[in-house]
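In what follows, chains carry the letters A, B, and so on, assigned in the order in which the sequence lines appear, proteins first and then strands, with residues in each chain numbered from 1. Scope of the values below: all heavy atoms of this structure, side chains included, with no hydrogens, waters or symmetry mates.
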Amino acid sequence: MYSAECPGAPRSMTGMARAYPVVEIEAAWQEQWLTSGLYEVDNDDPRQKFYALCMYPYPSGSAHQGHVRNYTFGDLVVRYQTMRGFAVLSPFGFDSFGLPAENAAIKTGSHPREFTDARIEELRESVRHLGAVYDWRREVRSHDPTYMRWTQTIFLKLMEQGLVYRKMAPVNWCPGCNTVLANEQVLGDGTCERSGDLVERRDLEQWFFKITEYADELLEGLDDLEWPERVKTMQRNWIGRSEGAMIDLVVDGRPDLAVRVFTTRPDTSFGMTYAVLAPEHPLVDELTTAEQRGAVDELRERVAGASDIERTSSEGGPLTKRGAFTGSYVTNPFTDAPVPLYVADYVLMGYGTGAIMAVPAEDDRDFAFATAYGLPIIRTTEPEGGLPDDFDSAYTGDGIKVNSGFLDGLGVIEAKATAIRWLEDKGHGHGTVNYRLRDWLVSRQRFWGCPIPIIHCPDCGIVPVPADQLPVVAPDDVEFTPSGQSPLATHEGFVNVACPRCAKAARRETDTMDTFVDSSWYFLRFTDPFSPDAPFSPEAAAHWMPVDQYIGGIEHAILHLLYARFFTKALIDVGLAPGVSREPFRSLFTQGMIRMDGSKMSKSKGNLVAPTKYYESVGADGLRLFHLFVGPPADDFDWTEQTDQVIEGCGRFLDRLWRLTTTSYASRPGGATSDEDLEVRRAVHRAIKKVTDDLDRWSYNTAVAQLMELVNHLQRYVRSEVGPAQGVLDEAIDALLLLLAPMAPHVPAELYQRRHGLHIHEEAWPSYDPVLVQAETTTMVVQILGKVRDRIEVDSAISEDEAAALALSSEKIIAELDGRVPSRVISRPPKLVNLVL
RNA sequence: GCCCGGAUGGCGGAAUCGGCAGACGCGGGGGCCUCAAAAGCCCCUGUCCUUACGGGCGUGCGGGUUCGAGUCCCGCUCCGGGCACCA
């Protein structure tokens with residue numbers, strides 16, 4: 001491929017001499033892969049499909065080490081599965097809407113599109129320098145109008161099918177920036193990351209997706225996925241399914257009015273000594289008596305102004321300031337006793353019904369509150385060993401019900417079921433399932449996102465933008481001011497529009513969609529990115545989906561992966577994706593983070609080590625090998641002062657391989673086979689098996705180690721006294737190059753081309769001879785009481801008895817035993833015999 | 001507070017099913033080559049005792065199971081991550 005005469009030993013920037021011209025060879029092959037179309041697959045490809053995908057990146061400019069790691073793993077999978085004979089779909093795209101472009105626009109005055117397009121160009125270029133291969137024809141970009149059109153179409157389709165709605169919701173409002181912030185933009189201390197102002201909570205009309213309608217399926221679907229357990233657990237916790245009961249507490253003196261509470265512990269109902277409303281609960285006003293109005297209003301005012309962070313922090317103030325008595329009482333239906341109704345900030349409007357029955361004896365928070373307010377505490381669960389005389393904390397464990405009327409004597413589980421049956425019989429409530437998962441708030445008061453395709457008409461109300469007017473694209477003639485307010489909201493030409501229904505003057509929706517919407521269906525678009533009249537053809541999507549191997553960072557463990565799963569199911573249900581697998585990502589791999597000085601390596605931390613310099617010293621191959629070799633792919637990696645030396649070591653390995661392959665060795669006369677020949681052949685076939693197994697189980701570091709061992713072995717072989725046999729050496733080197741090809745693609749491609757005139761990446765993955773993998777003889781360890789006393793070379797197929805006999809006849813063992821007779825002989829042929837005295 | 005991970009030489013890590021702990025690499029030491037250096041090549045490199053041969057100890061800590069434990073069980077310590085008034 002690289003055709004120049006060998007220019008001797010080129011010197012890299014780090015001053016190390018390389019055995020081969022790194023930059024020229026890598027550039028030539030990258031050009032070849034880009035133009036040859038080898039990794040472009042068509043939808044009617046007859047080979048079995050394999051969909052490999054790395055999470056599409058936000059285009060932040062040139063690739064950093066996190067990208068390199070990600071795409072090295074991804075490219076390995078693509079090239080490996082291609083060699084194994086699959087039609088591998090390997091697309092690339094850009095998650096190109098998002099705040100950094102808008103912030104840059106505010107700073108420099110440039111349009112976010114120009115900024116983004118330039119960053120995309122940089123990232124695409126540096127990904128190519130890595131030698132990673134994609135079907136670039138399929139590239140998608142979130143901000144591309146042809147993509148936006150379908151994002152908006154999907155929004156409207158979901159709305160039409162009742163999965164989108166609008167309601168008032170509290171948002172993070174920055175008074176300095178005069179806009180709403182995403183949660184990620186609010187710092188830990190509750191201030192705005194840009195202006196430093198204290199973020200407030202405000203209620204605004206917001207758009208939502210009904211992800212909660214899929215809560216159960218999102219939960220149950222996790223069981224069958226080949227995902228890291230950690231990620232599944234995080235999603236389960238996020239969904240937060242809990243079984244319990246709704247109970248209606250009738251207000252004293254108001255038989256028509258009840259406070260509905262949710263509890264997971266209906267078995268503790270007899271211990272309810274008060275009830276609590278969230279400060280935002282709609283019944284607070286009505287149920288607060290004149291005498292208590294002052295205290296309640298004071299509490300509500302304080303809570304309303306506080307951010308979530310303030311409200312839930314442990315510095316929320318003394319407990320006595322956290323609640324207020326409403327003056328009203330509700331009836332505990334189990335005891336018919338009236339209990340006081342409080343308002344308290346520890347009850348959240350966003351979970352359950354925004355109201356609770358409080359059982360201080362069996363709930364930590366209720367216990368703390370009851371203690372502070374002098375409320376009674378009645379224990380209803382007797383732990384094993386009986387009730388203690390006094391106690392200073394709630395008891396939340398298992399036990400036998402006491403003080404609980406008809407529940408007395410039952411265990412917690414039976415008592416729950418009995419209490420729910422009783423509630424349902426008496427009409428006081430019912431069993432239910434509650435989720436922590438909230439509907440997905442998708443509106444953002446931002447410019448650089450996909451506009452929500454809605455028109456607000458004074459007469460017709462909310463009107464979808466007609467399909468033939470999509471996509472709604474943000475205007476170019478906008479000015480970004482430091483206020484941070486989206487210029488969309490004040491752009492007359494954009495906002496003013498005729499109602500598509502009645503033609504009267506109407507206003508466009510100026511909110512844009514959360515960028516997680518764009519990333520919730522891009523993997524479907526990849527299957528059919530040219531489709532002119534649908535987001536994708538259902539046939540193409542059904543063919544390629546699910547993604548067989550999805551690779552990305554653990555930081556997307558919850559949101560992106562949950563939203564994408566929801567979207568896939570929803571798109572199927574609204575008829576856009578019939579026949580598509582309901583779970584989009586069959587197997588997920590989450591790579592470890594690269595850290596430096598304890599924190600994540602990132603642009604914002606300013607601790608990037610650019611890959612560029614390594615492209616010139618050890619090449620993309622060397623850098624890729626380093627990322628594969630340095631440790632388990634799933635583990636975090638600490639970048640230190642020593643890291644450059646490890647990378648250089650990977651470069652040296654490639655040098656040795658190059659010299660080994662390009663040096664001519666004197667053919668051994670006579671053609672007789674030596675022991676060394678057989679040993680080399682065995683080592684080769686063992687390596688094929690080991691590397692194949694390792695690649696299949698994501699143990700890339702040991703796969704690289706295995707190849708290093710093989711090179712070391714071959715190096716000894718060619719320098720050995722008898723010298724190498726050409727046929728043996730050729731078989732070994734070919735296998736070595738084939739095994740290395742998915743990991744470090746350039747050098748093996750170049751060497752294979754020179755050897756055979758063939759493209760290594762079009763070759764089949766090597767297979768091994770099981771006979772050669774099985775060694776003829778093995779070193780058997782003989783232990784006395786678990787301590788190694790002798791090693792004997794034995795036939796691998798040795799029997800239990802033979803092994804034992806051999807061990808007992810060993811001179812060393814006889815001497816060591818010194819006449820003692822083993823009471824037991826543990827024989828585990830062919831590896832070990834252990835003698836017990 | 002709750003839920004997950006993890007702890008092995010000077011360092012990154014290996015040991016896939018309970019069977020030789022430390023593969024592979026980095027770093028370090030010694031040697032060869034060279035006028036010299038770089039590069040390359042060879043040998044050594046857990047720790048303690050021993051001139052040697054050889055032996056003792058050793059996978060965060062304390063117990064246990066087993067002929068045998070880095071690996072399994074029980075109880076801790078420390079580190080990392082996620083969730084966090086979720087009723």
Side-chain angles (χ1 to χ4, degrees), chain A residues 9 11 15-19 228-234 236-238 240 242 244 261-265 268 276 278 311-314 316 322 344-348 350-359 362-366 368-369 434-438 554-555 557-558 593 595 598 625-626 629-632 634-638 640-650 652-653 655-656 659 690 693-694 697 699 701-712 715-716 719 779-788 791 822-828 831-837:
Chain A
R11 227 153 250 280
M16 301 294 180
R18 283 275 89 88
E229 231 15 80
R230 189 160 62 120
V231 175
K232 292 203 229 180
T233 304
M234 282 162 76
R236 286 191 189 106
N237 292 342
W238 188 261
S242 49
V261 298
F262 173 73
T263 179
T264 56
R265 292 293 302 275
T268 64
V276 188
R311 178 168 165 180
T312 59
S313 79
S314 48
R322 303 189 56 187
D345 67 354
Y346 80 93
V347 174
L348 306 175
Y351 185 77
T353 60
I356 62 158
M357 67 174 211
V359 185
E362 273 110 23
D363 182 278
D364 292 320
R365 297 148 304 178
D366 295 347
F369 191 85
N434 197 50
Y435 298 90
R436 207 190 77 106
L437 182 69
R438 306 259 58 87
I554 187 78
E555 66 272 20
I558 299 177
M593 275 191 327
R595 284 189 310 222
L625 221 40
F626 155 76
F629 178 64
V630 75
D635 287 6
D636 286 353
F637 169 73
D638 278 306
T640 67
E641 312 80 57
Q642 287 180 35
T643 300
D644 270 7
Q645 291 167 326
V646 179
I647 296 172
E648 190 53 39
C650 291
R652 278 200 294 270
F653 165 73
D655 285 340
R656 282 196 290 273
R659 283 191 294 265
K690 170 77 174 157
D693 290 349
D694 283 354
R697 68 185 179 107
S699 185
N701 50 333
T702 55
V704 175
Q706 182 63 40
L707 294 182
M708 288 175 169
E709 260 185 89
L710 186 57
V711 166
N712 292 345
Q715 224 164 19
R716 284 196 303 276
R719 289 180 187 135
T779 307
M780 183 176 80
V781 169
V782 185
Q783 298 179 330
I784 295 175
L785 287 170
K787 289 198 189 302
V788 181
R791 291 165 221 272
S823 61
R824 244 182 108 180
V825 179
I826 316 273
S827 186
R828 294 282 177 276
K831 293 181 92 172
L832 171 138
V833 171
N834 188 15
L835 307 176
V836 185
L837 294 173

Phosphate OP1/OP2 of [N] contacted by [X] side-chain N/O (<4.0 Å):
X        : N     : result
A/Arg716 : B/C41 : no
A/Lys787 : B/C57 : yes
A/Arg436 : B/A84 : yes
A/Gln715 : B/C41 : yes
A/Asn237 : B/A84 : no

Report the base-pairing partner of [N] (Watson-Crick or G-U wobble, both distances below 3.5 angstrom), or none.
N     : result
B/C41 : B/G31
B/C53 : none
B/G62 : B/C74
B/C11 : B/G25

| What is the distance from atom CD of A/Glu362 to atom OG1 of A/Thr268, rounded to the nearest 0.5 Å? |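 Atom-to-atom, A/Glu362:CD and A/Thr268:OG1 are 6.0 Å apart.
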
Hey, are the side chains of [X] and [Y] touching, using non-hydrogen atoms and a 4.5 Å cut-off?
X        : Y        : result
A/Gln783 : A/Ile826 : no
A/Asp363 : A/Arg265 : no
A/Ile356 : A/Tyr346 : yes

| task | Give one of base, sugar-phosphate or nothing for A/Gly649, where a contact means two heavy atoms less than 4.0 Å apart. | result | sugar-phosphate

| said: Using a heavy-atom cut-off of 4.0 Å across all strands, would you classify A/Val781 as base, sugar-phosphate, or nothing? | reply: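 Base contact - A/Val781 has a heavy atom under 4.0 Å of at least one base atom.
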
| field | Chi-based syn or anti call at B/C17, which uses purine or pyrimidine torsion atoms and a 90° bound | value |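 Syn, angle within 90° of zero.
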
| Which glycosidic conformation, syn or anti, is assigned to B/G9 if syn requires a torsion within 90° of zero? |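 Syn, since the glycosidic angle lies within 90° of 0.
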
Suppose you measure atom [atom1] in [N] against the same atom in [M]; what distance do you get, rounded to whole Å?
N     : M     : atom1 : value
B/C44 : B/A23 : P     : 12 Å
B/G6  : B/G13 : C1'   : 14 Å
B/C67 : B/G62 : C1'   : 24 Å
B/G46 : B/U71 : P     : 22 Å
B/G80 : B/U8  : P     : 15 Å
B/G29 : B/C79 : C1'   : 33 Å
B/C24 : B/A14 : C1'   : 8 Å
B/C26 : B/G19 : P     : 30 Å

[Y] backbone acceptor or donor facing [X] side chain under 3.5 Å:
X        : Y        : value
A/Asn701 : A/Val630 : no
A/Arg656 : A/Val711 : no
A/Asp366 : A/Val359 : yes
A/Arg438 : A/Arg436 : yes

| said: Using heavy-atom distances to pick each residue's nearest nucleotide on RNA chain B, tell me which of A/Thr264 and A/Ala705 is more 5'. | reply: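 It is A/Ala705, whose closest nucleotide lies nearer the 5' terminus.
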
| If you find the nucleotide of RNA chain B closest to A/Phe637 and the one closest to A/Ala355, which residue's nucleotide is nearer the 5' end? |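 Its nearest nucleotide lies further toward 5', so the answer is A/Phe637.
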
To the nearest Å, give me how far apart [atom1] ([X]) and [atom2] ([N]) are.
X        : N     : atom1 : atom2 : value
A/Met708 : B/G25 : CE    : P     : 6 Å
A/Leu625 : B/G12 : CG    : C1'   : 15 Å
A/Asp638 : B/G12 : CG    : P     : 9 Å
A/Glu648 : B/A38 : CD    : C1'   : 13 Å

| task | Walk me through it: do A/Asp693 and A/Arg697 pass the test salt bridge (charged side-chain N to carboxylate O under 4.0 Å, His left out)? | result | CA-CA 6 Å; A/Asp693 290 349; A/Arg697 68 185 179 107; over 6 Å; no

| request: Starting at the 5' end of nucleotides 67-72 of chain B, put B wherever the base has a protein heavy atom under 4.0 Å, S where only the sugar-phosphate does, and a dash everywhere else. | output: B-----

Between the protein and nucleotides 14-16 of chain B, list every N/O to N/O distance that falls short of 3.5 Å.
{"residue": "B/A14", "atom": "OP1", "partner": "A/Asn701", "partner atom": "ND2", "Å": "3.1"}
{"residue": "B/A15", "atom": "OP1", "partner": "A/Arg697", "partner atom": "NH2", "Å": "3.3"}
{"residue": "B/U16", "atom": "N3", "partner": "A/Arg697", "partner atom": "NH2", "Å": "3.4"}
{"residue": "B/U16", "atom": "O4", "partner": "A/Lys690", "partner atom": "NZ", "Å": "2.2"}

